[in-house]
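Since the structure comes first, as structure tokens, the remarks are kept for the end.
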Amino acid sequence: MGTGNNNGLYEFISSDSNEGFRYVNYESGYVIASARWREIFGIEKGMENDESGFLNLVYEDDRKKFVDKIERILGKQEKNYEIEYRIGDGKTWISHSGTNRYDKDGVLVEKFCFFHDITSDKEKQIELEYMAYFDADTGVYNRNYFIKRLDKEILKAINGGFNRIQVMYIDIDNYNFINDTVGYEKGDELLIMFAKLLLEYSSPTVKIGRFSNDEFAIALYDASGEDEIMEIYNDLKMKLMSPFKIKECSDIYVTISAGIATYPVGGLNANDLIKCADIAMYNVKKNGKNSVSVFEESMLRKFLKNVKLEKKLKAAVEKLDFVLYYQPQYYADKNELRGVEALIRWKVSEDELINPGDFIPMAEKNGCIVDIGQWVIRQALDDFVDWKMNYGYNGMMSINISAIQLKENNFSDILIEYVNSKNVLPSDIEIEITESVFIENFDKTIDVLSRLRKRGFKISLDDFGTGYSSLSYLKDIPIDTLKIDKAFVDTMLTDPSTGIITDAVIKMVKKLGLETVAEGVETKEQYEYLKKMNCDNIQGFYLGKPMSADKIKTLISKINEKY
Ligand code: C2E
Ligand code: CA
Ligand code: CA
């Protein structure tokens, strides 16, 4: 780059350019600036030489940053640089990019600079940042920003040493069910209305955030009393007594499960605190929802234990570390084997088995149950075929199917295909389901079950008497067998009203043409009583505990010897 002799070129650039352009040659004192440059900075023609007043044009708050930057550039003899700052009253943003040339002693010889008005870009950026803070649907803070803010407040508390910060994690009970019932559009509307309700508590010290679809959190900074966040919960709960009113939709009643954690007990950063509130919330869910609980140390221990167990379970699913036990079911009148129920155990080691009650709920929650369930079907059928071919077995095989499994689109296809490939008669296979399969998607469930029944499979309704059990809907669902829950059997002899109900249930169910199985029969008295009441089949420790496939083989062989 020459000196002086390029003046013509610079004149050309500055006259023709729509850009803010300014060139200075410190050796010759030659300065030229474009009209646009003068316009941006409000400088009169002929005054472009004067650099002394320039700093005053930079917006007050940005001056220090500007000076620091320029000094650093000159100190390091940087050639190309770019600075952003505001000018005037701070409303206009400038991008200032320059190229400097220094002599061999490091003294600035000449520079030329471009200036852009980037105000509209900056506004867009601020809007984007706004969007980065807020949940677009509901207008409450999004997860990231909620956490960022909370972390800042916790830091303040740590430095100040006196603040109390509380977090309440909130989850709408049965939201998926509500969504399925009213449709997702109305479901979305509900969430917006719910968020609005939460925003009523918003204040400089109360912040609302959304964590996922139907999960929200409230942070209370500098809480004064012990129970301030509890007051919010109680108030919210009262408000939720009135239904949400959505156009063209019946009233929606909402309940929530909530967990509360307090700094510093619950954690020294936002993530920990929220996690603890979440764990407390999860405790409420487990114990029947629609309530609140405050985080305690013991919850964390249990939670961590669960996390460990879940990891182990996932590995077990990979390796298929399970075994099936089988519990015999007998015809009540002739004491003959009706069939067996397959009951899974998790084989933790050679001599340690974990019962399904301790891992099936977890497997249902994390989806593992689908793989586990397929393994159960295959293993049960393999054993069934083995017993039939090699031991003359002619009983049924009952298999427990989880609601999650039944919901899988290809469930019936996989079952039918496997039964076919093994040449097993579908009528020898009984699928045990619980009433929970009818809670979501009633029609689809009916379809799947009807389809299987048409193929010849038997459908059994398990645990009758525990859930929503109403006799009136039994006639509307495609089932063959009803299993009377152990809870009935346990008390029918000691509690007269349970006795009467059990008797009535058996009579009604038989009238509907369904077969009955009583489960959890532990004593001779229970067995005799059920027999007298004409219950068809008996299953329970009294007649036989769940046992390995080998023991079943021995049992079948013994029975066959008798005949
Ligand atoms: P369930 O289907 O109601 O199975 C009966 C449970 O009662 C079994 O517990 C059985 O061992 C137990 N039981 C049977 N007779 C008696 C008795 O006389 N007294 C007492 N106290 N208990 C008795 P288990 O094997 O621990 O299974 C628990 C639950 O786990 C099952 O309840 C079922 O819901 C689930 N489950 C078991 N295997 C599977 C499976 O392969 N898939 C799925 N999805 N669930 C399974
Ligand atoms: Ca069962
Ligand atoms: Ca049962």
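Counting starts at 1 for both ligands and their atoms, following the listed order. No hydrogens, no waters, no symmetry mates; every other heavy atom, side chains included, goes into these values.
Between the side chain of Asp463 and the main chain of Asp485, no donor-acceptor pair closer than 3.5 Å is present. Panel note: side chain Thr523, backbone Gln526; a donor-acceptor pair is recorded below 3.5 Å.
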Residues 303-310 side chain polar contacts: donor-acceptor under 3.5 Å, at least two apart:
residue, atom, partner, partner atom, Å
Glu310, OE2, Asn366, ND2, 2.9

Extract all donor-acceptor atom pairs below 3.5 Å that involve side chains of residues 273-286 and protein atoms in other chains or at least two apart in sequence.
residue, atom, partner, partner atom, Å
Lys285, NZ, Asp171, OD1, 2.8
Lys285, NZ, Asp173, OD1, 2.8

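Taking the ring axis of Tyr527 as reference, the NZ or CZ atom of Lys524 does not stay both within 45° of it and closer than 6.0 Å to the ring centre. Both tests hold for Lys334 against Tyr331: distance to the six-membered ring centre under 6.0 Å, angle to the ring axis within 45°.
Side-chain contact between Met230 and Ile260 is present, with heavy atoms from C-beta onward closer than 4.5 Å. Within the 4.5 Å cutoff, no side-chain heavy atoms of Phe295 are placed close to those of Thr262.
Within the protein, the number of N, O or S atoms lying under 3.0 Å from the Ca ion (ligand 2) is 4.
Remark: Leu199 CG to Ile192 CD1 distance equals 11.5 Å, nearest 0.5 Å.
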Ligand-protein N/O pairs under 3.5 Å (ligand 1):
residue, atom, partner, partner atom, Å
ligand 1, 2 (O), Glu341, OE2, 3.1
ligand 1, 2 (O), Asn400, OD1, 3.2
ligand 1, 2 (O), Asp462, OD2, 3.0
ligand 1, 3 (O), Asp463, OD1, 3.2
ligand 1, 15 (N), Gln327, NE2, 2.9
ligand 1, 18 (O), Phe541, N, 2.7
ligand 1, 19 (N), Glu522, OE2, 2.6
ligand 1, 21 (N), Glu522, OE2, 3.0
ligand 1, 25 (O), Arg345, NH1, 2.9
ligand 1, 25 (O), Arg345, NH2, 2.9
ligand 1, 38 (N), Ile344, N, 3.1
ligand 1, 42 (N), Asn400, O, 3.4

